[in-house]
K.L.:
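My questions all concern the structure below.
Note that the structure is predicted; figures quoted are calculated from it, not measured. Letters A, B, ... are given to chains in the order of the sequence lines, protein chains preceding strands, and every chain is numbered from 1.
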Number of protein chains: 2
Amino acid sequence: MALRRKKSGGIGRPEGFGYPRPVSTPGGNGEARTGKPPTLRDVAREAGVHVSTVSRVLNDQAAAGRITQDTDERIREVARRLGYRRNSIARALRTGRTLVVGMVVPDVANLYQAGITRGAGDVLYAHGYSLILASTDDDPKHAESQVSAMLGVQADGLLYGVAREDDAVLAWLVDEGIPVVLFNRGAESREISAVLPDDRTGTRLAVEHLLSLGHRNIVHVGGPEDVSSTVNRLGTFEEVLQEAGLRGSHGFAHRHTEEEGYRVTSDLLEERPDTTAVLAANDRLALGAIDAIREAGRSCPEDVSVVGFNDMPYGDRFSPPLTTVHISQNNLGSMAAKLLLETIADPGRPAETHLAAPELVVRGSTAPAQTDRSSL
Amino acid sequence: MALRRKKSGGIGRPEGFGYPRPVSTPGGNGEARTGKPPTLRDVAREAGVHVSTVSRVLNDQAAAGRITQDTDERIREVARRLGYRRNSIARALRTGRTLVVGMVVPDVANLYQAGITRGAGDVLYAHGYSLILASTDDDPKHAESQVSAMLGVQADGLLYGVAREDDAVLAWLVDEGIPVVLFNRGAESREISAVLPDDRTGTRLAVEHLLSLGHRNIVHVGGPEDVSSTVNRLGTFEEVLQEAGLRGSHGFAHRHTEEEGYRVTSDLLEERPDTTAVLAANDRLALGAIDAIREAGRSCPEDVSVVGFNDMPYGDRFSPPLTTVHISQNNLGSMAAKLLLETIADPGRPAETHLAAPELVVRGSTAPAQTDRSSL
DNA sequence: CTGTTAGCGCATTCAC
DNA sequence: GTGAATGCGCTAACAG
């Protein structure tokens with residue numbers, strides 16, 4: 001480990017601490033309020049009223065003119081003085097609602113995802129919800145256990161960002177009847193609300209940009225085959241090319257990583273040496289594509305142009321700056337959160353799909369096609 | 001909004017949905033198992049035993065030879081068949097432990113933080129804990145409400161990544177007696193466990209690197225003044241320079257953003273036009289510094305070198321690739337999580353501080369100092 | 001307007 | 001080895 005211990009205090013048990021022992025109240029640190037957090041009962045006793053009255057006051061039901069001004073104030077004062085904080089566990093058990101929402105992403109550490117998380121988190125927080133986050137490494141196995149854990153904590157709903165075409169976990173969730181909103185990736189086959197990038201429009205923008213630069217030999221680096229955006233982006237890629245009387249090759253990455261982008265692009269470049277442009281299904285794949293181009297002894301954008309998708313943070317600082325299709329991550333996340341909140345409030349509402357509008361951002365990784373090399 | 005509605009299904013209430021109405025069981029979708037998740041009692045009835053027996057079995061207390069092999073198997077079978085899942089809310093209410101940990105970061109969407117979050121999340125998850133995440137925008141006001149929310153859900157412990165020198169929220173947490181582990185930023189004044197980057201060693205590495213390149217006029221772009229790493233990094237910066245018989249200027253950014261890095265660097269460059277190198281307290285500030293250098297009509301690294309800190313993801317792809325001090329985010333996060341778990345298990349244990357070892361990563365943003373311009 | 005009552009689902013002490 | 005009883009802290013009828 002690249003970690004050094006400063007003030008050591010016992011190495012701590014070697015591994016996996018079993019069941020932690022009961023949280024004993026430190027020492028006889030007695031005195032005033034330390035010992036145990038105050039409960040409704042404590043407040044009630046102190047204020048000389050019944051527990052339920054306190055509950056009502058603290059839940060602002062006093063607004064309905066149901067509580068004496070005086071009682072109300074006294075209770076609030078006592079609560080404040082005692083440092084009362086509602087135990088949401090108890091409340092959740094009673095009401096059946098936890099005000100917790102789970103969010104499942106492929107990787108928390110992924111930049112693009114992080115923006116979505118932020119957008120969703122802000123909205124949820126503003127509505128009094130907490131956000132439980134889990135990474136699955138885009139592995140369905142992990143997804144299942146993570147989701148299971150979220151159901152375990154009785155999350156009121158889930159934001160699911162790892163949908164696949166035949167997603168067993170998703171099927172299960174729907175089956176359980178728990179509110180779910182998909183983001184980023186859809187599941188055409190199911191009636192579930194989703195907030196997705198407008199893959200078709202975005203891809204069209206990108207391909208047309210390449211065409212307008214004179215590119216005729218374009219290849220596409222797709223993502224995993226059973227992900228909705230992969231299908232949509234590839235479909236549109238071929239469609240637009242066809243409209244222009246062209247045909248392009250493509251390959252699929254197993255994961256949305258630079259390594260995979262590199263691998264697929266390398267193969268594609270070998271197979272079609274006349275390639276002058278590559279459209280990647282996402283920015284990380286695009287980065288890998290640029291690596292592959294260089295590795296092949298060519299340069300980007302002089303020899304071959306590259307377009308990404310998503311507009312991940314710092315894309316403008318890369319070398320070359322990445323031409324890509326921008327999707328507002330923050331918006332996507334907050335929309336998904338709002339939709340989920342609405343679904344939780346009204347489980348019966350019909351599924352809705354929102355598409356986040358794409359925007360082409362032209363930067364340095366694309367340039368006019370070179371005069372055909374082979375004809376020289 | 002850059003969002004379009006596809007299948008619209010009612011715009012949904014304009015804003016803030018008050019208290020969602022009770023989750024009514026959809027329709028008479030009755031039939032078998034849909035309606036309500038099975039409880040211990042359901043399993044007990046179905047298996048013809050008492051609730052407590054089921055509880056014991058499902059908590060593996062059978063291991064102690066306290067349950068008949070037969071009963072054990074039967075119960076497990078029934079539980080599986082009914083799709084029983086433990087209600088952790090109820091369990092938490094009973095045991096006083098939620099198996100939930102809160103994590104407070106300045107910004108979820110920050111790359112460096114994201115890696116830490118990932119490391120922590122993995123460890124926590126492996127130990128059966130869930131992670132609640134909150135962004136504070138590095139604003140103490142937000143921190144308070146976020147932390148309050150976390151205490152509300154009765155988190156068993158907190159990973160606190162926004163500590164300031166006089167941190168009221170932190171003081172409050174300690175007061176409450178809730179297990180806390182700081183990460184990234186420490187609070188010297190308190191006896192709290194922490195996992196921090198080794199600021200001193202890291203800064204020394206960076207400054208010595210610049211000195212070895214022949215730089216003599218070095219400035220430092222520090223972070224917010226009341227953050228431990230700012231203090232440590234600045235202190236070491238001055239110390240190392242002094243050892244070399246030099247003195248450097250510095251400025252403080254209000255936040256760790258590119259904009260602030262730009263602002264501070266611009267000021268510094270104006271004040272000390274002979275500057276040939278800048279040491280930034282973190283990578284984002286470094287990025288801003290590079291912007292400022294260009295804006296001033298100079299170039300990096302030719303005219304002035306820049307060193308960052310943290311080694312954020314993709315730093316190697318920037319233009320120029322960033323020379324920086326690497327800190328393993330993943331390790332830092334997982335160490336913090338482990339420490340917290342240990343603290344939760346044994347609240348009495350003495351505070352420990354772990355320092356994550358830094359490593360200088362030399363890339364393209366630093367170069368040998370030019371011959372002194374003024375002497376030409 | 002406020003007090004009483006009754007659990008939410010589970011873990012745990014005590015009997016047998 | 002298993003059942004019975006109790007209560008975690010809270011909200012939600014229902015009385016008064």
Side-chain angles (χ1 to χ4, degrees), chain A residues 19-23 35-75 79 82-99 151-154 156, chain B residues 19-23 35-75 79 82-99 151-154 156:
Chain A
Y19 240 33
R21 42 177 167 153
V23 179
K36 251 192 173 190
T39 71
L40 271 193
R41 196 157 69 208
D42 297 325
V43 178
R45 189 186 318 113
E46 190 76 9
V49 293
H50 192 91
V51 192
S52 59
T53 306
V54 180
S55 172
R56 281 188 278 253
V57 167
L58 266 27
N59 282 333
D60 292 320
Q61 303 199 357
R66 322 187 112 290
I67 303 276
T68 317
Q69 173 84 9
D70 175 58
T71 315
D72 186 294
E73 284 174 359
R74 181 159 36 91
I75 292 180
L82 261 44
Y84 173 79
R85 195 172 323 108
R86 169 191 297 138
N87 181 328
S88 21
I89 293 301
R91 158 188 267 220
L93 181 58
R94 186 58 236 249
T95 63
R97 308 189 57 253
T98 54
L99 297 188
L151 295 189
V153 295
Q154 313 293 115
D156 289 337
Chain B
Y19 239 33
R21 40 176 167 154
V23 179
K36 253 192 172 190
T39 71
L40 270 193
R41 197 155 69 206
D42 298 325
V43 178
R45 189 186 317 114
E46 189 76 10
V49 294
H50 192 90
V51 193
S52 58
T53 307
V54 180
S55 173
R56 283 189 276 252
V57 167
L58 267 27
N59 282 332
D60 293 321
Q61 303 200 355
R66 322 187 113 288
I67 302 278
T68 318
Q69 173 84 9
D70 175 56
T71 315
D72 185 293
E73 285 174 359
R74 181 158 37 92
I75 291 180
L82 261 43
Y84 173 79
R85 196 172 320 109
R86 169 192 296 140
N87 182 326
S88 17
I89 294 301
R91 158 188 266 224
L93 182 58
R94 186 57 234 253
T95 63
R97 307 189 57 252
T98 54
L99 296 188
L151 295 188
V153 294
Q154 314 291 116
D156 289 338

K.L.:
How would you label the contact of B/T71 with the nucleic acid (heavy atoms, under 4.0 Å): base, sugar-phosphate, or nothing?
P.N.:
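Sugar-phosphate: the residue B/T71, judged by heavy atoms under 4.0 Å, touches backbone atoms but no base.
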K.L.:
State which residues pass side-chain contact (heavy atoms from CB on, under 4.5 Å) with A/T95; sequence neighbours excluded, sorted by chain then number.
P.N.:
A/R91, A/R97
K.L.:
Nearest of D/dA4, D/dT2, C/dT2 to any side-chain atom of B/S52?
P.N.:
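Output: D/dA4.
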K.L.:
Just to verify, what does B/R94 make a side chain to side chain donor-acceptor pair (under 3.5 Å) with, not counting sequence neighbours?
P.N.:
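Counting only residues at least two positions away or on another chain, B/R94 forms no side chain to side chain donor-acceptor pair (under 3.5 Å).
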K.L.:
What pairs with B/R41 under side chain to side chain donor-acceptor pair (under 3.5 Å), at least two apart in sequence or on another chain?
P.N.:
none
K.L.:
Measure from CG on A/N59 to P on D/dG9 and round the result to the nearest Å.
P.N.:
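For the pair A/N59 CG and D/dG9 P, the rounded distance is 17 Å.
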K.L.:
Listed by chain and number, what are the side-chain contact (heavy atoms from CB on, under 4.5 Å) partners of B/A90, not counting sequence neighbours?
P.N.:
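B/A90 satisfies side-chain contact (heavy atoms from CB on, under 4.5 Å) with A/L93, B/N87 once adjacent residues are dropped.
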K.L.:
A/L58 has an atom CG; how far is it from atom C1' of D/dT11, in whole Å?
P.N.:
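Whole-Å distance recorded here is 12 Å.
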K.L.:
Reckon B/T53 has a side-chain N or O less than 4.0 Å from the OP1 or OP2 of D/dG3?
P.N.:
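Result: yes.
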K.L.:
Go through the steps to decide whether B/V54 and B/Y84 satisfy the test side chain to side chain contact (heavy atoms under 4.5 Å, CB included), and finish with yes or no.
P.N.:
CA-CA 11 Å; B/V54 180; B/Y84 173 79; over 6 Å; no
K.L.:
Rounded to whole Å, how long is the line connecting atom CZ of B/R45 with atom P of D/dG3?
P.N.:
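Atom-to-atom, B/R45 to D/dG3, this comes out as 14 Å.
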K.L.:
When the distance from CZ of A/R56 to P of D/dA12 is rounded to whole Å, what number comes out?
P.N.:
11 Å
K.L.:
What integer distance in Å separates A/H50:NE2 from D/dC14:C1'?
P.N.:
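Interatomic distance, NE2 of A/H50 to C1' of D/dC14: 13 Å.
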K.L.:
Measure from CZ on B/R97 to C1' on C/dC10 and round the result to the nearest Å.
P.N.:
15 Å
K.L.:
Drop me the distance from B/Q154's CD to A/R86's CZ, to the nearest 0.5 angstrom.
P.N.:
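Interatomic distance, B/Q154 CD to A/R86 CZ, rounded to 0.5 Å: 11.0 Å.
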K.L.:
Please enumerate all residues that pass side-chain contact (heavy atoms from CB on, under 4.5 Å) together with B/T53, with sequence neighbours excluded.
P.N.:
B/V49, B/H50, B/R56, B/I67, B/T71, B/I75
K.L.:
Report the residues that fulfil salt bridge (Lys or Arg N to Asp or Glu O under 4.0 Å) with B/R45, sequence neighbours left out, ordered by chain and then residue number.
P.N.:
B/D42
K.L.:
For the helix from C/dC1-D/dG16 to C/dC16-D/dG1, how many degrees between its two end axes (five pairs per end), to the nearest 10°?
P.N.:
40°
K.L.:
Remember a base hit wins even if backbone is also touched, and classify B/V49 as base, sugar-phosphate or nothing at under 4.0 Å, heavy atoms.
P.N.:
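Since only primed, P, OP1 and OP2 atoms lie under 4.0 Å of B/V49, the category is sugar-phosphate.
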K.L.:
Please write out the pairs of protein N or O atoms and N or O atoms of nucleotides 6-9 of chain C separated by less than 3.5 Å, giving the distance to one decimal.
P.N.:
| residue | atom | partner | partner atom | Å |
| --- | --- | --- | --- | --- |
| C/dG7 | N2 | A/R94 | NE | 3.3 |
| C/dG7 | N2 | A/R94 | NH1 | 3.0 |
| C/dC8 | O2 | A/R94 | N | 3.4 |
| C/dG9 | N2 | B/A90 | O | 3.3 |

K.L.:
State which residues pass side chain to side chain donor-acceptor pair (under 3.5 Å) with A/D156; sequence neighbours excluded, sorted by chain then number.
P.N.:
A/T98
